[in-house]
Amino acid sequence: MELQRPRGTRDFLFEEMRKRKYVEETLRRVFELYGYQEIKTPLFEDLSLFTLKSGEGIMEQIYHFQDKGGRDLALRPELTAPVARLYLNQLQKSPKPIKMYYFGSCFRYERPQAGRFRQFWQLGCELMGGKSPDAEGEVIALAAHCLEELGLEDFEIHIGNLGIIRGILNQAEVSSKLQDQVMAIIDKGEVEELRNFLEDMGLDDSYKNILLELISLQGHREVLKEVERMVGDNSQAKDALLELTGVLNVLDSVGFSNYIVNLGIARGLDYYSGTVFEIYVHGLGAQKQISGGGTYNLIELFGGEEVESTGFAFGFDRVVEALKEQGTDLPLKKVVEVFVAPISPEVRLKSFQIAGRLRKAGIPTETDLAGKKFKKLLSHANNLKAGYVVLVGPRDLEQGQVTVKDMDSGQQELVDLEDVVDVLTERIRG
RNA sequence: GCCGGGGUGGGGUAGGUGGUUAUCCUACGGGACUGUGGAUCCCGCGACUCGGGUUCGAAUCUCGGCCCCGGCCCCA
């Protein structure tokens with residue numbers, strides 16, 4: 001085959017698309033339940049939008065190119081920066097809070113593997129101008145609501161706050177550059193590597209032990225007491241802890257308490273500042289994270305007026321994959337409800353007429369376009385999983401009737417031509 | 001960028017230490033069967049990932065590319 005798909009990309013066929021659409025529509029519905037409005041940004045942006053503040057790591061993965069005018073452009077590797085850009089361009093003076101959601105594909109030049117592609121989809125949101133911790137609590141509640149609505153079980157929401165560890169590091173007077181490196185190691189979850197790194201930078205033992213203990217803490221809200229003991233009178237860390245407590249309070253009050261406090265969450269992108277969270281589903285191979293987000297200060301970094309911003313995104317493909325893995329039966333729409341089958345060539349136009357009326361009545365309908373023999377038409381209708389077949393034949397037509405056949409039960413009845421639409425509407429909707 | 005496993009009709013496969021027409025299932029088209037589907041039978045369509053090398057001869061051996069699967073790095 002000489003015409004191949006580019007590496008790391010996929011074609012989606014009918015069945016797959018129906019699943020994806022179901023997931024997409026469900027997620028959109030829930031986002032809208034929380035008052036989010038959809039936006040769309042370009043697939044490519046100025047390269048600098050992404051190189052500016054997203055950290056070094058992402059650079060190597062960016063698809064970038066020059067257009068014919070010599071502009072340096074990049075296919076977006078994520079959507080938070082484009083949305084922040086859009087906010088700066090047009091929404092700074094809009095009434096707050098602003099709730100936006102998006103669904104679109106992103107591109108990263110990476111080695112494909114399970115749950116990782118070069119083009120992948122993100123469905124997420126950004127909330128600008130909400131106040132921590134209420135805004136963060138609601139955002140996490142929204143994420144949980146989405147997954148519950150999809151029927152996904154066994155997901156874990158891990159919640160942390162970067163301010164706690166940053167507070168300790170600041171108190172220990174660690175430079176911000178070094179702090180970023182520490183955060184990167186924490187994000188990896190490599191405890192030994194962290195221990196060695198902290199030792200190499202000559203960090204005081206007491207700080208080192210606190211940090212190591214903090215990131216290994218994981219559990220329900222009772223771990224907050226431990227944290228409180230450890231941070232002592234560090235005011236930045238105390239504030240962060242207060243914030244974290246507030247987030248959990250919101251979650252408890254909306255009835256979602258199945259979270260895990262995890263201070264080892266650091267996020268890969270450098271612009272996160274306070275509350276952060278990640279959602280995992282096991283059984284997805286190496287790519288178990290289906291979502292991540294938190295509070296960030298991208299707007300200030302881009303030179304805008306300070307505004308609290310929180311957001312998160314689902315790795316859409318991974319959510320779909322997790323549902324498949326779990327074996328969830330998605331309530332997928334039928335391709336067509338009704339197939340209108342002309343029994344012989346002279347009634348073909350009559351079939352079109354009937355199909356036309358059914359379609360105008362909102363019933364997905366198919367009729368023969370391939371000139372198949374009657375018997376094949378039934379077989380074809382069966383393949384399409386049509387619920388009903390309208391048999392249009394000269395014999396019935398003489399009485400002004402057609403035969404409506406229920407494809408599940410096999411039963412059929414004669415129906416007057418003018419009643420066909422009503423009868424089928426009743427059967428399908430009723 | 002690195003490591004491992006792969007690539008045979010549309011889908012799933014057999015063959016593989018070189019040798020006629022490349023196996024089977026399924027799907028698809030037609031027929032048996034001119035008003036009744038999911039059954040059966042018959043016929044048909046259709047493939048060795050690409051390029052180089054070794055050879056009288058390569059799907060098979062060899063080198064390289066491309067792509068797929070899994071893992072590392074990193075991330076969604």
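These values consider heavy atoms only, across backbone and side chains, with no hydrogens, waters or symmetry-generated copies. Fair warning: this is a prediction, and the values are worked out from it, not measured in the lab. Below, chain A is the first sequence line, B the second, and so on; all start at residue 1.
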Could you give the distance separating [M] and [N] at their [atom1] atoms, to the nearest angstrom?
N     : M     : atom1 : result
B:C25 : B:A32 : C1'   : 23 Å
B:C45 : B:G29 : P     : 16 Å
B:C33 : B:U49 : C1'   : 43 Å
B:G12 : B:C48 : P     : 16 Å
B:C50 : B:G7  : C1'   : 11 Å
B:G5  : B:C41 : C1'   : 42 Å

Exercise. Applying a 3.5 Å limit to both distances, which nucleotide forms a Watson-Crick or G-U wobble pair with B:U60?
Worked result: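 B:U60 is paired with nothing.
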Problem set entry | Pair partner, B:C66 [Watson-Crick or wobble, under 3.5 Å] |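 The answer is B:G7, by the H-bond criterion.
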Please list, for nucleotides 34-36 of chain B, all pairs of protein and nucleotide N/O atoms separated by less than 3.5 Å.
unit_1, atom_1, unit_2, atom_2, d
B:G35, O6, A:R395, N, 2.2
B:G35, O6, A:D396, N, 3.1
B:G35, N1, A:D396, OD1, 3.4
B:G35, N1, A:D396, OD2, 3.3
B:G35, N2, A:D396, OD2, 2.9
B:G35, N2, A:T403, OG1, 3.4
B:U36, O2, A:K405, NZ, 2.9
B:U36, O2, A:Q412, OE1, 3.2
B:U36, N3, A:Q412, OE1, 3.1
B:U36, N3, A:Q412, NE2, 2.8
B:U36, O4, A:Q412, NE2, 2.8

Exercise. Which residue pairs satisfy the side chain to side chain donor-acceptor pair (under 3.5 Å) criterion with at least one member in residues 355-365 of chain A, sequence neighbours excluded?
Worked result: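 Found A:Q353-A:R357.
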Exercise. Do any pairs count as a side chain to side chain donor-acceptor pair (under 3.5 Å) and have a residue in residues 418-429 of chain A, sequence neighbours left out, and if so which ones?
Worked result: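 Side chain to side chain donor-acceptor pair (under 3.5 Å) check on residues 418-429 of chain A returns A:E413-A:R427.
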Exercise. Taking only residues two or more places apart in sequence or in another chain, which ones pass salt bridge (charged side-chain N to carboxylate O under 4.0 Å, His left out) with A:R28?
Worked result: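 By the salt bridge (charged side-chain N to carboxylate O under 4.0 Å, His left out) rule, A:R28 matches A:E24, A:E38.
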For this session: Could you list the residues that satisfy salt bridge (charged side-chain N to carboxylate O under 4.0 Å, His left out) with A:K324, not counting sequence neighbours?
Result: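 By the salt bridge (charged side-chain N to carboxylate O under 4.0 Å, His left out) rule, A:K324 matches A:E16, A:E321.
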For this session: Establish whether the base of B:A76 is bridged to the side chain of A:E110 by a donor-acceptor pair shorter than 3.5 Å.
Result: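 Answer is yes: a donor-acceptor pair is held.
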Exercise. Any donor-acceptor pair under 3.5 Å between the side chain of A:R108 and the base of B:A76?
Worked result: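 Per atom types, the contact qualifies.
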Listed by chain and number, what are the side chain to side chain contact (heavy atoms under 4.5 Å, CB included) partners of [X], not counting sequence neighbours?
X      : answer
A:D406 : A:Y388, A:D408, A:S409
A:Q37  : none
A:N382 : A:M407
A:K372 : A:D368, A:A370, A:K376, A:L377, A:H380

Exercise. Does anything in residues 415-428 of chain A reach RNA chain B, meaning a heavy atom under 4.0 Å, and if so which residues?
Worked result: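 Close to the strand, none.
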For this session: To the nearest Å, give me how far apart CZ (A:R116) and P (B:G1) are.
Result: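 That distance rounds to 14 Å.
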Exercise. Atom CZ of A:F314 to atom C1' of B:C75: distance rounded to whole Å?
Worked result: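 These atoms are roughly 17 Å apart.
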Exercise. Taking atom OH of A:Y34 as the centre, does the number of heavy atoms from other residues, nucleotides or ligands within less than 6.0 Å exceed 12?
Worked result: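 It does: A:Y34 OH has more than 12 such atoms within range.
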Show each protein N/O and nucleotides 67-69 of chain B N/O combination with a separation under 3.5 Å, one pair to a line.
unit_1, atom_1, unit_2, atom_2, d
B:C67, O4', A:Q4, OE1, 2.9
B:C68, OP1, A:G8, N, 2.8
B:C68, OP2, A:R7, NE, 3.2
B:C69, N4, A:R111, NH2, 3.4

For this session: Apply side-chain hydrogen bond (donor to acceptor under 3.5 Å, both in side chains) to A:E308 and A:T295, showing your working.
Result: CA-CA 7 Å; A:E308 283 194 49; A:T295 289; 6.0 Å; no
Exercise. RNA chain B: A:A184 or A:D406, which has the more 5' nearest nucleotide?
Worked result: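 Its nucleotide being nearer the 5' end, the pick is A:D406.
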Exercise. Toward the 5' end of RNA chain B, which comes first, A:I290 or A:D408, by nearest nucleotide?
Worked result: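 Closest to the 5' end, via its nearest nucleotide, is A:D408.
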Exercise. Within the structure, does a side-chain N or O atom of A:N383 lie under 4.0 Å from either OP1 or OP2 of B:A27?
Worked result: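 So the side chain of A:N383 is outside the cut-off, no N or O lying under 4.0 Å from OP1 or OP2 of B:A27.
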Exercise. Mind checking what makes side chain to side chain donor-acceptor pair (under 3.5 Å) contact with A:N170, not counting sequence neighbours?
Worked result: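 For A:N170, the residues satisfying side chain to side chain donor-acceptor pair (under 3.5 Å) (neighbours in sequence not counted) are A:Q179, A:Q236.
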For this session: Would you indicate what A:K288 reaches in the nucleic acid, counting non-hydrogen atoms under 4.0 angstrom: base, sugar-phosphate, or nothing?
Result: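 Here A:K288 touches no strand at all.
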Exercise. Do A:R118's NZ or CZ and the ring of A:Y109 fall within the cation-pi criteria of under 6.0 Å and 45°?
Worked result: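 Yes, a cation-pi geometry.
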